[in-house]
Protein chains: 2
Amino acid sequence: RARWTEHDLRAVDTARLLAADAVQNTGNGHPGTAMSLAPVAYLLYQNVMRHDPSDPAWLGRDRFVLSCGHSSLTQYVQLYLSGYGLGLKDLKALRTWGSLTPGHPEVHHTAGVEITTGPLGSGLASAVGMAMAQRRQRGLLDPDAAPGTSPFDHHVWVLASDGDIMEGVASEASSLAGHQELGNLTVVYDANQISIEDDTDISFSEDVAKRYEAYGWEVVDVDWRRSDDPAGTADYTEDVDALLGALQRSRRSRTRPTLVRLHTVIAWPAPNARGTGKSHGSALGAAEVAATKELLGFDPAKSFQVERDVLARAREVRARGKAAHKAWDRTYAAWRRSEPERAALLDRLVDGRLPDGFDRALPVFDPDPKGLATRAASGKVLGALAAGLPELWGGSADLAESNNTTMAGEASFIPKGKQTREWKGGPYGRTLHFGIRENAMGMILNGIALEGLTRPYGGTFLVFSDYMRPAVRLAAIQQLPVTFVWTHDSVGLGEDGPTHQPIEHLASLRAMPGLDVVRPADANETAAAWAEVLRRGRTAGIALSRQNLPVVDRTEHASVAGVAKGAYVLVDASSGAPDVIIIATGSEVSLALEARRRLEASGVATRVVSMPCREWFEEQPRAYQNKVLPPAVRARVSVEAGVAMGWHDLVGDAGRCVSIEHFGASADAQTIFREFGFTPEKVVRAAKDSL
Amino acid sequence: RARWTEHDLRAVDTARLLAADAVQNTGNGHPGTAMSLAPVAYLLYQNVMRHDPSDPAWLGRDRFVLSCGHSSLTQYVQLYLSGYGLGLKDLKALRTWGSLTPGHPEVHHTAGVEITTGPLGSGLASAVGMAMAQRRQRGLLDPDAAPGTSPFDHHVWVLASDGDIMEGVASEASSLAGHQELGNLTVVYDANQISIEDDTDISFSEDVAKRYEAYGWEVVDVDWRRSDDPAGTADYTEDVDALLGALQRSRRSRTRPTLVRLHTVIAWPAPNARGTGKSHGSALGAAEVAATKELLGFDPAKSFQVERDVLARAREVRARGKAAHKAWDRTYAAWRRSEPERAALLDRLVDGRLPDGFDRALPVFDPDPKGLATRAASGKVLGALAAGLPELWGGSADLAESNNTTMAGEASFIPKGKQTREWKGGPYGRTLHFGIRENAMGMILNGIALEGLTRPYGGTFLVFSDYMRPAVRLAAIQQLPVTFVWTHDSVGLGEDGPTHQPIEHLASLRAMPGLDVVRPADANETAAAWAEVLRRGRTAGIALSRQNLPVVDRTEHASVAGVAKGAYVLVDASSGAPDVIIIATGSEVSLALEARRRLEASGVATRVVSMPCREWFEEQPRAYQNKVLPPAVRARVSVEAGVAMGWHDLVGDAGRCVSIEHFGASADAQTIFREFGFTPEKVVRAAKDSL
């Protein structure tokens with residue numbers, strides 16, 4: 001039982017009205033859900049979650065994910081009430097330039113916000129990743145502790161809306177959460193039956209409880225509404241104790257995630273707005289806000305009213321949080337004493353430091369004209385890094401063997417009972433199996449990174465980066481150290497044809513701010529690319545070939561050290577003064593080298609620049625950029641098996657782009673490259689045209 | 001009962017071996033599923049589907065969707081056996097350049113293929129669109145016929161795999177299919193428990209039957225395997241009659257889609273390959289193919305064996321198909337006689353012709369400095385077109401009011417029992433409600449367009465084009481006349497902040513081949529854009545503003561006729577000889593006009609080019625392009641509230657781009673535009689820099 005005092009009840013009503021006032025004051029926003037979820041959020045922050053408002057980075061804290069990010073006030077108001085540092089002035093500055101209270105919650109911006117949410121389904125899906133990461137972290141640091149006794153045991157709490165539940169990414173991630181038996185995850189599903197098109201019955205009549213049972217979740221119904229009418233009835237009862245019971249039971253569940261389906265009335269108790277679609281995304285209007293205040297016994301003429309006693313009561317959570325933290329500190333200190341090596345590892349992980357000389361483990365590949373696919377090289381790199389970087393882990397969306405994402409010999413991350421003849425492992429394993437669920441994979445990787453201690457990666461075909469684009473964007477917005485492994489990175493994948501051949505993907509991913517797109521040219525560039533991606537700790541995608549690529553002879557060509565600068569002169573004109581520069585990436589670098597041989601033979605001094613990462617190159621000092629691409633050399637050719645978009649700014653008005661501007665075809669790679677003009681002849685011609 | 005003869009059984013085994021041979025012959029492909037699904041596909045083509053191999057475009061045909069498109073041989077072999085024109089030479093040319101048998105089925109390429117599939121989940125989701133379109137088409141043409149008696153009644157049959165069922169887009173679409181009570185849809189789910197990572201138990205343990213029951217589907221289990229082992233047992237029995245019974249019952253179902261969960265053993269009966277992940281995507285090897293032939297009583301030394309009697313037996317379906325077609329012709333002729341007006345409409349729809357002068361209905365907006373949002377203009381355009389274009393219909397992914405996608409006064413497309421207080425309608429309604437399921441919306445729009453008679457559109461925020469990108473790409477690959485309505489098309493949407501503000505989206509969508517991206521500058525350009533999109537009948541996305549935009553005075557500026565050419569001189573330099581050209585799109589055109597006023601005032605002769613669609617402009621003759629952008633005028637500025645990527649090729653080395661290269665922020669639109677440099681001052685400075 002919650003044993004709420006009158007002050008607690010008043011604090012809940014205060015929270016509702018702060019939400020209504022904040023939206024009314026700004027003139028726009030989402031008041032309805034923040035009003036009706038006020039008791040739920042207050043319960044979580046005051047009675048359920050383990051957290052310490054004075055230390056939002058406490059390792060032992062539970063995680064809170066507001067998947068219905070549009071209802072950001074649900075969280076902002078609790079951060080204010082429980083003392084995370086937000087003040088009334090911040091609530092008054094809702095959704096204005098530079099405020100701590102933007103339209104949707106933003107991690108690294110507002111203390112207490114764990115994740116940037118807003119795009120529906122994304123928070124819930126990333127929460128699955130948090131829950132998975134918690135288990136992996138425990139496995140790295142304290143695997144033998146009894147359940148619930150480790151300082152690394154914590155719980156992930158999610159508030160989700162009808163919209164979250166409708167999005168496919170939530171389906172994918174929820175199916176995986178059940179499969180992974182994530183007892184450390186609880187989703188409170190606010191079944192208020194209202195979305196922007198009003199009553200969700202217009203498009204959504206599935207049985208959500210049954211669906212989640214099918215995923216293997218524990219499902220609990222808590223019905224405050226007791227009617228099918230989204231506007232509720234006089235019977236509406238915010239039975240906080242029933243909800244608390246469900247949440248407490250869910251924390252004790254060890255082998256199933258829990259969905260608490262809570263039937264609410266949006267904007268409760270606003271007399272006219274409640275239960276309406278309008279209350280979802282618009283200010284209620286001054287009259288309705290006043291009427292609600294009157295109903296709740298507040299002064300209808302005043303805004304942002306917070307009574308001193310009420311705030312004091314709410315802020316008592318700080319003392320409880322500190323006490324919990326202190327108790328945890330003792331367990332944690334005991335763990336540190338008994339596990340000095342693991343404690344040292346933890347310190348390194350908390351700092352986000354790589355071990356000194358981690359890159360000495362990288363394989364070096366001998367020159368080889370036949371060579372190997374960069375995806376294969378990537379697999380070897382991951383295997384070589386495995387021992388030194390326990391924080392690195394990942395897997396694939398059902399393409400492990402194609403993406404080469406499995407570190408050789410590492411166990412699968414999987415409940416014991418879910419092992420198969422091909423894959424052995426356990427709950428603390430390292431190899432992730434996402435199934436054919438690319439978007440959930442991306443969101444889960446984000447959640448893993450947000451947990452803060454490990455470095456996840458995940459693979460699929462480059463063309464299916466489309467399926468996970470919402471997750472990639474959220475990784476980039478949050479600047480998470482997630483690495484996407486995208487293999488089969490051009491029409492060179494061959495016979496699978498146009499639906500599987502990326503054409504526009506390199507360009508469309510480069511268009512995204514905050515994402516490093518890396519396309520290594522051979523096996524050694526692949527190793528250097530991985531090292532640099534790990535060093536930078538930014539969001540990155542590595543594009544890798546399906547087909548074999550020659551391993552460039554580094555005694556005759558520049559060292560791969562240049563990869564870290566994004567672009568470098570792989571081989572200069574024999575004269576030292578190039579007439580033309582060929583800029584190539586990935587599988588087209590060897591084509592550029594062959595074209596150079598022919599151009600040099602015909603007397604054209606030709607430099608080849610390998611440009612594995614445009615974003616890294618753009619960061620270099622202008623002097624370096626001008627050294628690689630001297631402004632005086634205006635004859636330039638870009639060669640990349642994708643659309644030319646974006647290359648014109650590097651090759652300039654005099655330049656030429658060897659590219660593909662249409663969808664691919666089903667045939668072997670050699671034929672496709674020939675038919676689509678990725679030939680030395682074509683590059684030579686482009687170079688001569690450019691001169 | 002199927003009453004298969006020995007010849008039928010032999011035809012099924014022939015089909016299995018043709019699949020194994022074709023992959024073995026090419027050296028790569030997906031043999032396993034084609035082998036085990038051979039009896040299923042043969043049953044569908046011979047005993048279940050209404051189709052006429054001599055007329056693949058027959059209006060009365062059932063539709064077949066191979067959602068597991070990698071198993072293209074499942075379909076190619078049946079197209080051969082039932083006489084659609086594919087020959088053994090085509091099977092031998094599997095996955096080679098120019099063949100009729102590419103890696104994945106391609107519509108408009110191989111007779112009998114209704115849809116391009118391959119990306120998992122997409123076929124199933126588009127099939128939901130086909131089933132919806134069938135109902136809408138019936139409503140337009142023959143609404144009063146008793147169920148099952150109209151020439152426009154047909155059924156949609158889908159083969160789907162584990163991978164299809166895992167993808168979120170299938171979840172979204174299946175939830176909608178149950179909601180829409182699509183009795184005309186049957187999905188045979190090939191539960192072979194094998195994907196590329198072998199036994200799907202590694203990532204997929206949900207109860208699929210229960211999940212589909214939760215969506216409101218009829219679920220039937222047909223278990224040929226009777227064991228949990230994906231490799232099956234000696235008990236494996238291809239009980240075709242049990243399957244046929246389930247399919248026949250599903251055809252009779254009026255109010256629920258049906259999922260037949262069929263438990264199979266992949267690659268059955270290959271003695272070693274069956275039940276393995278390897279058989280999914282690799283050639284079985286000569287020895288295994290030979291062993292399978294021996295097992296089935298075929299000559300292990302021969303390939304592509306088809307006995308004359310067996311082929312003759314399979315080809316009898318042609319006569320049955322012709323008879324069914326003839327019977328249908330009589331019903332159809334009777335309908336034409338009794339419904340001459342609807343018959344005339346049908347003829348127009350079959351031809352894909354717009355009514356003469358359809359664009360006379362377009363609204364004309366008066367000049368207005370305050371103006372209106374282009375999304376609002378778009379809503380008015382749709383309303384104005386509604387009466388003249390019954391084939392045009394659409395809706396939104398729960399953003400109807402924000403996207404302005406509802407044609408005023410039109411009924412919702414919804415089962416009678418699913419109406420809500422806000423939305424009234426019926427099964428033949430026109431306004432679609434997709435819920436918060438953008439990717440399913442896109443796939444469903446594709447399915448609607450593939451049905452062939454109507455023109456669908458669907459709306460969401462531009463930023464959420466990310467969620468539907470897989471569908472957009474498939475629309476573009478298939479060149480479907482689908483229109484995506486993407487509103488809130490820049491940081492100008494304001495307070496919702498970075499998760500909701502598109503930055504890279506215009507560029508990333510323009511990177512996609514086959515997609516027209518249209519961004520009108522004001523209300524009248526919006527009307528002209530819609531008209532041109534409808535005229536062209538290509539895949540298009542219209543980007544529309546949330547915020548009000550001035551309605552340009554066309555007495556002082558060029559006519560909107562130029563929209564159809566993609567770009568036009570909106571207003572020239574007062575001198576007639578521009579020093580600088582400002583190229584702008586959408587909401588930035590009015591900014592360009594203001595900058596021009598200031599530039600002209602300071603003596604800089606300035607032309608403003610409005611460029612609503614780069615793809616249309618690129619199609620124009622070089623002479624027109626040079627007239628709009630004279631090569632001699634090298635001082636150029638592009639202005640678009642998105643990344644600059646792609647603009648350099650138009651503004652050239654001397655040009656400047658006014659753009660935004662980072663994520664947005666939460667504030668009102670005016671503040672954001674000012675802070676991010678979308679101001680007349682900035683454009684003026686860029687123009688002067690460029691001079």
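Reminder, nothing fancy here: chain letters follow the sequence lines and each chain counts from 1.
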Taking B:Ser666 for its side chain and A:Gly103 for its backbone only, find out whether a donor-acceptor pair lies under 3.5 Å.
yes
Considering only heavy atoms from C-beta outward, does the side chain of B:Glu661 approach that of A:Pro513 to under 4.5 Å?
no
A:Thr420 and B:Ile202 have their tightest heavy-atom pair at CG2-N, 3.5 Å
Answer yes or no: is there an ion pair linking A:Arg437 with B:Glu167, defined by an N-O contact shorter than 4.0 Å?
no
Identify which part of B:Gln193 has an atom lying under 4.5 Å from any heavy atom of chain A, answering side chain, backbone, both or neither.
neither
Please rank A:Gly497, A:Gly494, A:Pro102, A:Pro119 by heavy-atom pairs under 4.5 Å with chain B and give me the top one.
A:Pro119
Could you look at B:Ile414 and say if it's the side chain, the backbone, both or neither that has a heavy atom under 4.5 Å from chain A?
side chain
First locate atom OG of B:Ser465, then atom CZ of A:Arg469, and finally report the distance between them rounded to the nearest 0.5 Å.
7.5 Å
Where does B:Glu106 contact chain A at under 4.5 Å (heavy atoms): side chain, backbone, both or neither?
side chain
Please determine, among A:Thr96, A:Val643, A:Asp164, the option with the most heavy-atom pairs under 4.5 Å with chain B.
A:Thr96
B:Ala644, part contacting chain A, at a heavy-atom distance under 4.5 Å
neither
How far apart are the C-alpha atoms of B:Arg95 and A:Asp668, what are their side-chain angles, what is the distance that settles it, and do they pass the salt bridge (charged side-chain N to carboxylate O under 4.0 Å, His left out) test?
CA-CA 8 Å; B:Arg95 295 163 68 93; A:Asp668 65 284; over 6 Å; no
Pair B:Glu504 + A:Arg510, salt bridge at N-O below 4.0 Å:
no
Is a side-chain donor-acceptor pair under 3.5 Å present for A:His433 with B:Glu197?
yes
Name the region of B:Pro105, side chain, backbone, both or neither, that has any atom closer than 4.5 Å to a heavy atom of chain A.
neither
Engaged part of B:Phe434 at the chain A interface, taking heavy atoms whose separation is under 4.5 Å:
backbone
With a 4.5 angstrom heavy-atom cut-off, is it the side chain or the backbone of B:Asp496 that approaches chain A, or both, or neither?
both
Quick one, A:His179 with B:Phe204, criterion side chain to side chain contact (heavy atoms under 4.5 Å, CB included). Give me CA distance, side-chain angles, the key distance, then yes/no.
CA-CA 7 Å; A:His179 178 74; B:Phe204 187 53; 5.8 Å; no
How long is the straight-line distance from CZ of B:Arg473 back to CZ of A:Phe464, given to the nearest 0.5 Å?
9.0 Å
Treating B:Tyr467 as the side-chain partner and A:Leu120 as the backbone partner, does any N or O pair qualify as donor plus acceptor under 3.5 Å?
yes
Heavy-atom pair count under 4.5 Å with chain B, highest-scoring of A:Glu213, A:His500, A:Arg211, A:His662
A:His500
For B:Ile436 and A:Ser195: C-alpha separation, side-chain torsions, deciding distance, then whether side chain to side chain contact (heavy atoms under 4.5 Å, CB included) applies.
CA-CA 9 Å; B:Ile436 302 158; A:Ser195 62; 4.2 Å; yes
For B:Val463, is it the side chain, the backbone, both or neither that has a heavy atom under 4.5 Å from a heavy atom of chain A?
side chain
For B:Ala665, is it the side chain, the backbone, both, or neither that has a heavy atom closer than 4.5 Å to a heavy atom of chain A?
side chain
Contacting region of B:Leu474 [heavy-atom separation from chain A under 4.5 Å]:
side chain
Flag the pair B:Glu401 and A:Lys278 as a salt bridge only when some basic side-chain nitrogen lies within less than 4.0 angstrom of an acidic carboxylate oxygen.
yes
Please determine if B:Arg634 and A:Asp653 form a salt bridge, counting it only when a charged side-chain N lies under 4.0 Å from a carboxylate O.
yes
Looking only at non-hydrogen atoms, find the nearest pair between B:Met645 and A:Ala511 and report the distance.
SD-CB, 3.7 Å
Toward chain B, the part of A:Gln478 with a non-hydrogen atom under 4.5 Å:
neither
Given that the side chain runs from C-beta out, which part of B:Arg421 has a heavy atom under 4.5 Å from chain A: side chain, backbone, both or neither?
side chain
Tell me, side chain or backbone of B:Thr117 under 4.5 Å from chain A's heavy atoms, or both, or neither?
backbone
Considering only heavy atoms, which portion of B:His30 lies under 4.5 Å from any heavy atom of chain A: side chain, backbone, both, or neither?
side chain
4.5 Å side-chain heavy-atom contact, A:Lys418 and B:Asp201
no
Using a cut-off of under 4.5 Å for heavy-atom pairs, which of A:Ala507, A:Cys657, A:Gly281, A:Pro498 has the most such pairs with chain B?
A:Pro498
Which of the residues B:Gly435, B:Gly69, B:Ala170 is involved in the greatest number of heavy-atom pairs with chain A at under 4.5 angstrom?
B:Gly435
